[in-house]
Amino acid sequence: MEGARRILPLTHCHAAAVRTAGYPVRPLQDADGRMAVLSVNLNKVAVLRNSRGGDLPDPIAAARVCLAEGCRGLTVHPRPDARHIRREDVLALSDLVAAHEGVELNIEGNPFAPARPGYPGLLELVRESRPAQCTLVPDGDGQLTSDHGFDLRRDAGRLRPLVAELRALGCRVSLFMDPGTTSLEPAADMGAHRVEIYTGPYAEAFAAGSGGGAALQACVATAEAARAAGLAVNAGHDLDQRNLGPLLAAIPWIAEVSIGHALIGEALYDGLATTVRRYLAITGG
Ligand SMILES: CC(=O)[C@@H](O)[C@H](O)COP(=O)(O)O
Ligand SMILES: NCC(=O)COP(=O)(O)O
């Protein structure tokens, strides 16, 4: 069962390297000697490209930089209004990832959003691109960004057939969930493999100077409930170089963090390769 992962102490040399980099050392790593996978979300590269109507900056070129630094995950969140990532980006990233062993593509989206010109629907995008993982997110069309997870009491019935179809397509399925959610058995029961903890409230609390406080404990509670239900744990939204280390230290069994907005913004100042290296020094993988 993927959710049950043995955790081993961090190697001293790795701890020293990470500490030298000036980042909080994450105490643990998984039984494979790996730590949380960093999955770079490329949405914001596409925002910049679309703002001028041309082809630059190219999300695929940005993806190549991430992979060249050792990144093992890429994430995109194509939205029905095509405000950033488009179908052709998804297909091109699928081809790029297929040529890089050990690298995964994660496609996020609302499975209930209807298809429209330029947006074939999340399930159709998955059928065409066959990502390693699909993260289901209950975003409405008019949302500025993702800001809540599923209500499984309301949504479990209509999610179940979609999860079954994604599994039949060979996809690992992750459900975007609010921090503090502890009734996760329905997610496991419908066949989801993972949950992704929405870390926006934690990031906001961390930035306010509380170190995360109750918001961090809410993430821990959801992560513990996920593990108890046999679900692996991903995390994402508004994570950055300051709040990521404490989150990973509090939840050593996080399998993957998907990070985009802050990372791409920081890359504008320091360069994408340098920025990705800094995040990999924190996650270890
Ligand atoms: C699900 C989530 O929290 C983010 O992955 C989401 O992709 C952000 O979307 P935008 O980049 O459109 O704000
Ligand atoms: N699932 C979270 C993600 O992919 C990126 O979120 P953000 O770092 O852009 O807030």
Side-chain angles (χ1 to χ4, degrees), residues 36-51 57 59 62-63 66 71-86 89-90 93 104-113 119 122 125 131-150 172-179 181 192 194-207 215 219 222-223 232-245 247-248 251 254-268 272 275-276 278-279 282-283:
V37 169
L38 170 67
S39 187
V40 176
N41 184 309
L42 296 163
N43 292 353
K44 296 305 171 342
V45 181
V47 166
L48 197 51
R49 176 199 60 196
N50 295 1
S51 68
C66 296
C71 184
R72 291 186 284 126
L74 298 172
T75 289
V76 289
H77 191 148
R79 295 180 179 273
D81 61 11
R83 67 183 73 170
H84 40 54
I85 292 293
R86 299 167 176 154
D89 299 318
V90 173
L93 285 168
E104 292 194 346
L105 177 61
N106 172 38
I107 300 180
E108 301 181 329
N110 181 348
F112 308 121
Y119 181 75
L122 180 66
L125 278 171
Q133 179 174 269
C134 181
T135 301
L136 304 183
V137 186
D139 284 354
D141 285 356
Q143 283 179 221
L144 175 65
T145 187
S146 305
D147 60 13
H148 66 280
F150 283 104
R172 179 192 312 128
V173 182
S174 181
L175 302 182
F176 198 62
M177 301 301 298
D178 288 326
T181 306
R194 299 190 181 181
V195 294
E196 175 176 341
I197 301 172
Y198 166 46
T199 51
Y202 159 67
E204 185 177 356
F206 189 92
C219 294
T222 298
V233 177
N234 292 350
H237 203 87
D238 283 341
L239 293 176
D240 63 27
Q241 290 181 54
R242 286 160 299 283
N243 63 33
L244 178 57
L247 177 75
L248 295 176
I251 310 172
I254 284 178
E256 176 181 292
V257 287
S258 42
I259 305 175
H261 190 85
L263 187 152
I264 299 302
E266 291 155 356
L268 293 176
L272 181 56
T275 301
V276 168
R278 289 174 177 169
Y279 277 92
I282 301 169
T283 64

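Order of listing sets the numbers, starting from 1, for every ligand and every atom in it.
Rounding to the nearest 0.5 Å places CD1 of I264 at 8.0 Å from CG of N41.
The two residues A203 and D238 come nearest to each other via the heavy atoms CB-O, 3.2 Å. Scanning all heavy atoms of the two residues, the minimum distance from V233 to A223 falls at CG2-O, 3.9 Å.
For atom 4 (O) of ligand 2, the closest heavy atom belonging to the protein is N41 ND2, 2.8 Å. Atom 6 (O) of ligand 2 has its closest protein heavy atom at H237 CA, 3.7 Å. Closest to atom 10 (O) of ligand 2 among all protein heavy atoms lies D238 N, 2.7 Å. Given atom 2 (C) of ligand 2, the protein heavy atom at minimum distance is S258 OG, 3.2 Å.
The environment of NE2 in H148 is crowded: more than 12 heavy-atom neighbours from other residues, nucleotides or ligands sit within 6.0 Å. No more than 12 heavy-atom neighbours from other residues, nucleotides or ligands sit within 6.0 angstrom of CD on E204.
Numbered from 1 in the order shown, with element, the atoms of ligand 2 that lie under 4.0 Å from a heavy atom of E108 read 1 (N), 2 (C), 4 (O). Remark: ligand 2 atoms within the under-4.0 Å shell around heavy atoms of I259 are 8 (O). Annotation for ligand 2: atoms under 4.0 Å from non-hydrogen atoms of G236 are 2 (C). Close contacts of ligand 2 with T75, meaning ligand atoms under 4.0 Å from a residue heavy atom, involve 4 (O).
At least one N or O atom of G260 sits closer than 3.5 Å to an N or O atom of ligand 2.
Among E196, H261, H77, the residue whose heavy atom sits closest to atom 7 (P) of ligand 2 is H261.
R278 and E266 are not joined by a salt bridge, as no carboxylate oxygen comes within less than 4.0 angstrom of a charged side-chain nitrogen.
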Verify side chain to side chain contact (heavy atoms under 4.5 Å, CB included) between F176 and N234, making sure each step is shown before the conclusion.
CA-CA 9 Å; F176 198 62; N234 292 350; over 6 Å; no

Stepwise side chain to side chain contact (heavy atoms under 4.5 Å, CB included) test for D81 and Y119
CA-CA 8 Å; D81 61 11; Y119 181 75; over 6 Å; no

Walk me through whether N106 and T75 qualify under side chain to side chain donor-acceptor pair (under 3.5 Å).
CA-CA 5 Å; N106 172 38; T75 289; 3.1 Å; yes

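Contact residues of ligand 1 (protein heavy atom closer than 4.0 angstrom to a ligand atom; sorted by chain and number): N41, N43, K44, H77, R79, H84, E108, T145, S146, F176, H237.
Relative ring orientation between F112 and F150 is described as perpendicular, the plane-to-plane angle rising above 60° on a 0-90° scale split at 30° and 60°.
The side chain to side chain donor-acceptor pair (under 3.5 Å) with R79 is formed by just one residue from the set D141, N110, N43, D139; it is D139.
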